[in-house]
Novice: 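Supplied in structure tokens, the structure appears directly below.
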Amino acid sequence: MSTRLLLLCSLCWVACQNQPTEEIAPDTDSLNIVWIVAEDLSPVIPPFGDSTIVTPNLNRLAAEGVSYTHFFSPSGVCAPSRAAIATGMYPTRIGANHMRTGPWYRLITDSVLNARDQNYRMEGIPYYEAVPPAGVHTHSTYLRKAGYYCSNNAKEDYQFRRELTAWDESSEAAHWRNRAAGQAFFAIFNLEVTHESRIWKKAEDTLLVPEDLAVPIPPYLPDTEVGRRDIRRMYSNILEMDQQVGEIIAELEAEQLLDKTIIFWYADHGGPLPRQKRLLYDSGIRSPLIVRFPDGRSANTVDDQMLNFIDLKPTILSLAGIQPPDYVDGKAWLGPYAEEEKRSYVYAAADRFDEERCRRRAVRDHRYKYIRNYLPGQPRYLPLAYREQMPIMQELLRLQAEGALSPEQAIWFDPNAPAEELYDLQLDPHELHNLAADPSYADQLEALSEELDRWLAEAEDLNLGPEKDFLQSIRPGGVQVQTTMPQIELGAAGLQLSCSTAGASIGYQWLAPGERPTERWQPFVEAIETVADKVLVVRAHRIGYLPSLPAIWTANGLEIAEDYDPYQGSDFY
């Protein structure tokens, strides 16, 4: 089936299932959406041409769905990539491209900061949150307003703390089963077993592949016993991830939900090995994506259109019948709001990684990649303490110290990074032969350089300057802004909630007196009916700001103390 016919079929099918509205709850016939997210994985699986191992569950998804061969992250590392997914905006546009801005994925104190965090703090830059423009909300907030049950199991890591109204549940126990009967759902499952850290953390675990499995060795990595062992570990981890994918599919089948659910399986950026993750080569930013539609629609097709992570948010909103907001940089490619014009280019950026800084931007079309280095003369290789825990990275460093690197391996260790790089991806898929100085490629160099300039001007790159200056712009005087306390007014239609902080999302809970609020804040959409003998607790939150203090309202003359505090005794303040 052609890509054009596939798109038309998808549009007609979804349009029949959903009405384009943001605020009317879907009925029980609405399609569910499940995202299964692998970490740190290039397209090294059979559906994308790598036959080293057999992945029965991913093979099944591909046989029953669409494999997208040109799907790219705007960053070769997780936190900026997840910021792009959640907002539908380039991380550079919202100042979220440094890895990372803060430990919002977990609580952390100075006493347990590791070496890379300590180095970061010693530069005088405190942990901070990226601040998207007013009115930006996460993908799940829009779906919750439309009536979907939204669960995240369990990684967040958006470069800002999660929006109060983002999730019905975000935890290691989060699951679609916790929804109301018949409620449509959007459920994310993050599978961490393929993360780069699992190369060394699982080093002593039994391999799921043969101990002597012949594995492909990229020319930039060492073909030694240490190198082969870590690559076998990578493939073993992929097999384990594939089993986890199978378990999720089996759950959907057991609950007769598989043919009511759209499944997206993808990786959060490129691979876990050295010269992959964090880099702007395809090994770092190219991700596999498979989308399975219900009832075998569009089965066993391949689509080579250029897609970017920023396209995920508008696409799932479109599939749910919700018009994507105007502020997104992404394009919906499925559903009633799919855009006809396809991408000619994808863009990516690299800035600070933990304790090391670089400043690089890239643009890619179907054949050529152009990379600009804003710190020429800086070494290409950045000595990150986290990555150097990996045995294959230690092997590369050993070979470097002994002067035993191959010419292909030595490129990454060039002490003077070039100002410009140009690669012919058709002839040089590993991006080893820089053509920037080749006169026969002058036209491609000029065209892509101009396209990068155009994108940088359009996308308002906030991370090109010094990080300290950027931080001062979002936190004047070093103080994080707090969302203002919301207002509660009783009108003829019920309770109306508002907030003077532009673009803040408002969430509420009805509680019995003395009951403690949960982390599940119902997003405010329209007037709320009062509830007898209950206390209404309302909070507001603009992404990047501190959430507001709670506002309180009681119905039917319910008496509470003037200083009533629903968080009394907690560490909320």
Side-chain angles (χ1 to χ4, degrees), residues 72-102 123 125 128-136 158-160 269 278-281 284-285 306-314 325-331 343-354 356-365 369-376 378 382 417-422 445-476 543-544:
F72 295 89
S73 167
S75 171
V77 73
C78 60
S81 296
R82 290 170 188 268
I85 292 168
T87 64
M89 304 177 74
Y90 290 110
T92 49
R93 186 192 288 276
I94 61 174
N97 207 55
H98 294 297
M99 176 66 191
R100 56 178 42 92
T101 64
E123 289 190 9
I125 299 176
Y128 64 92
E129 298 185 58
V131 183
V136 172
Y158 310 125
Q159 304 282 54
F160 46 79
H269 49 72
R278 301 176 185 85
L279 278 75
L280 298 183
Y281 304 125
I285 63 173
M306 303 279 279
L307 298 174
N308 190 290
F309 279 18
I310 57 174
D311 300 328
L312 284 170
K313 174 178 174 177
D326 292 339
Y327 64 75
V328 296
D329 295 317
K331 298 172 176 282
R343 292 188 177 280
S344 299
Y345 304 97
V346 291
Y347 314 91
D351 287 293
R352 177 178 52 75
F353 298 109
D354 302 331
E356 293 290 335
R357 296 187 179 279
C358 69
R359 193 172 298 149
R360 299 167 187 169
R361 300 293 182 266
V363 57
R364 184 201 198 279
D365 62 18
K369 163 87 65 63
Y370 171 74
I371 301 174
R372 183 182 297 162
N373 179 11
Y374 285 85
L375 301 175
Q378 178 191 54
L382 301 177
E420 294 182 299
E421 299 174 61
L422 178 69
L445 181 73
E446 181 180 7
L448 288 176
S449 178
E450 290 178 355
E451 177 58 29
L452 183 63
D453 287 336
R454 188 203 62 77
W455 174 67
L456 290 172
E458 177 187 277
E460 303 173 273
D461 195 318
L462 299 179
N463 288 131
L464 270 179
E467 189 174 9
K468 289 182 179 179
D469 292 350
F470 167 68
L471 185 54
Q472 178 63 24
S473 73
I474 63 171
R475 283 193 182 186
I543 295 176

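For reference, positions follow the sequence shown, starting with 1. Any value given below was found using the heavy atoms of this structure, including those in side chains, with hydrogens, waters and symmetry copies removed.
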Novice: Quick check: does any side chain N or O of R352 sit under 3.5 Å from a backbone N or O of D354, one acting as donor and the other as acceptor?
Specialist: yes
Novice: For the CG atom of L307 and the CG atom of L312, what is their distance to the nearest 0.5 Å?
Specialist: 8.5 Å
Novice: Are the side chains of Y128 and E467 in contact, using a 4.5 Å heavy-atom criterion?
Specialist: yes
Novice: Given side chains that start at C-beta, do those of P133 and M89 come closer than 4.5 Å, heavy atoms only?
Specialist: yes
Novice: Considering non-hydrogen atoms only, spot the tightest contact between A349 and T92 and give its length.
Specialist: CB-CG2, 3.6 Å
Novice: Report yes if some heavy atom in the side chain of Y281 is under 4.5 Å from a heavy atom in the side chain of E421; otherwise report no.
Specialist: yes
Novice: Apply side-chain contact (heavy atoms from CB on, under 4.5 Å) to residues L375 and N373 and explain how you reach the verdict.
Specialist: CA-CA 5 Å; L375 301 175; N373 179 11; 3.9 Å; yes
Novice: Nearest 0.5 angstrom please: E420 CD to L452 CG, how far?
Specialist: 9.5 Å
Novice: Which one of Y90, Y370, Y345 satisfies the ring-ring contact (aromatic ring centres under 6.0 Å, His included) criterion with W455?
Specialist: Y90
Novice: Using side-chain heavy atoms (C-beta onward) and a distance below 4.5 Å, is L471 in contact with I474?
Specialist: yes
Novice: Which atom pair, heavy atoms only, marks the closest approach of V131 to G544?
Specialist: CG2-O, 3.9 Å
Novice: Using every non-hydrogen atom in the two residues, find where G95 and T101 come nearest and quote the distance to one decimal.
Specialist: O-CG2, 4.4 Å
Novice: Taking the side chain as C-beta and beyond, is there a heavy-atom pair between I94 and T87 under 4.5 Å?
Specialist: yes
Novice: Compare all side-chain heavy atoms of D453 with those of R372 and state whether any distance is below 4.5 angstrom.
Specialist: yes
Novice: Please report the shortest heavy-atom distance between A130 and F160, naming the atom on each side.
Specialist: O-CB, 3.9 Å
Novice: The test is side-chain contact (heavy atoms from CB on, under 4.5 Å); show your working for Q472 and K468 and say whether it passes.
Specialist: CA-CA 6 Å; Q472 178 63 24; K468 289 182 179 179; over 6 Å; no
Novice: Checking the side chain of N97 only, and the main-chain atoms of N463 only, is there a donor and an acceptor separated by less than 3.5 Å?
Specialist: no
Novice: Whether the side chain of S473 engages the backbone of F470 through a donor-acceptor N/O pair (distance < 3.5 Å, no angle test) should be reported.
Specialist: yes
Novice: Does S75 form a side-chain contact (heavy atoms from CB on, under 4.5 Å) with H269? I'd like the steps, not just the answer.
Specialist: CA-CA 7 Å; S75 171; H269 49 72; over 6 Å; no
Novice: Does a side-chain heavy-atom distance below 4.5 Å link K369 with I285?
Specialist: yes
Novice: Mind listing the closest non-hydrogen atom pair of A348 and L280 along with its distance?
Specialist: CB-CD2, 3.9 Å
Novice: So how far is it from I85 CD1 to S73 OG, rounded to the nearest 0.5 Å?
Specialist: 7.0 Å
Novice: Please step through side-chain contact (heavy atoms from CB on, under 4.5 Å) for the pair Q378 and R359, ending with a clear verdict.
Specialist: CA-CA 10 Å; Q378 178 191 54; R359 193 172 298 149; over 6 Å; no
Novice: Within the distance-only criterion (no hydrogens, no angle test), does the side chain of Q159 pair as donor or acceptor with the backbone N or O of H98 below 3.5 angstrom?
Specialist: yes
Novice: For D351, which of R361, R360, R357 qualifies under salt bridge (charged side-chain N to carboxylate O under 4.0 Å, His left out)?
Specialist: R361
Novice: Assess, by modelled atom type and distance only, whether the side chains of Y347 and E451 contain a donor and an acceptor separated by less than 3.5 Å.
Specialist: yes
Novice: How long is the gap from OG on S344 to CZ on R364, to the nearest 0.5 Å?
Specialist: 13.0 Å
Novice: Taking all atoms of both residues into account, what is the closest heavy-atom pair of G330 and R343, and its distance?
Specialist: CA-NH2, 3.8 Å
Novice: Quick one: does R93's side chain get under 4.5 Å of I310's, heavy atoms only?
Specialist: no
